[in-house]
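Below: the structure, in structure tokens.
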Amino acid sequence: MSFLRLGRALPLPLPLASRFSPAVIRVPSARPPLSLSLPRSQPLRMASSAPAARFAEGEDPQQLGPDTELLQQQGWALDGNGMGVTKTFHFKSYFKAVSFVNLIASESSSKKHHPTMTVRFGSVDVHWTTHHPRGLTHKDITMARHCDHGASLMGAVDSGQGLKCGPSA
Ligand SMILES: C[C@H](O)[C@H](O)[C@H]1CNC2=NC(N)=NC(=O)C2=N1
């Protein structure tokens with residue numbers, strides 16, 4: 001028996017591609033969008049990322065709640081955990097920004113309540129919170145109001161009018 005005859009007698013395997021059905025090699029199409037089914041009576045509400053105020057033990061939420069809301073109307077925002085308030089003040093000069101910091105530092109020393117302040121070229125970030133007892137207290141509210149007063153004395157301006165410098169300007 002010659003080699004050629006043996007080749008004809010035993011069929012050669014088919015090429016790989018022809019052995020797969022189109023269903024196997026087809027690229028899956030994009031999935032249909034997920035459908036969301038809510039009861040008709042329930043409106044779709046976006047998840048809110050706004051933190052709730054967390055007052056320290058011993059504080060009166062009935063009093064501090066409205067006080068905090070008033071501060072928020074003045075541009076203060078609750079911090080990430082709701083235990084503090086924060087605001088950025090803008091100035092037309094670095095000297096004014098530093099003078100504002102000194103004004104707040106002076107009141108902080110006399111009231112024994114101190115903020116975290118970040119001084120930039122034409123702005124100051126102020127953060128108030130109370131460490132003992134932990135949370136937002138009337139001291140933070142009072143000092144935040146003092147900051148607003150001091151800022152207007154120092155000629156604070158709207159964010160667009162502040163002195164700017166560098167890549168974030
Ligand atoms: C003993 C001293 O008065 C306290 O440690 C003060 C100091 N300054 C403070 N500052 C602030 N922001 N929160 C406080 O709880 C606080 N405690």
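Every number for a ligand or one of its atoms is a count from 1 in the order of the listing. Since the model is a prediction, treat every value here as computed from it, not as a measurement.
A continuous path of hydrophobic side-chain contacts links Phe121 to Met117 [ILVMFWY only; heavy atoms under 4.5 Å]. Cluster membership for Phe91 and Leu153, using ILVMFWY side-chain heavy atoms within less than 4.5 angstrom, is not shared. Hydrophobic cluster membership is shared by Val126 and Ile141, with clusters built from Ile, Leu, Val, Met, Phe, Trp and Tyr side chains linked at under 4.5 angstrom.
Under the 4.5 Å side-chain criterion, counting only non-hydrogen atoms from C-beta, Phe89 is in contact with Asp148. For the pair Glu59 and His138, the minimum side-chain heavy-atom distance is below 4.5 Å. Looking at Val98 and Asn102, their side chains come closer than 4.5 Å, going by heavy atoms from C-beta outward.
Ligand 1 is surrounded by Lys112, His113, His114, Thr129, Thr130, His131, His132, each with at least one heavy atom closer than 4.0 Å.
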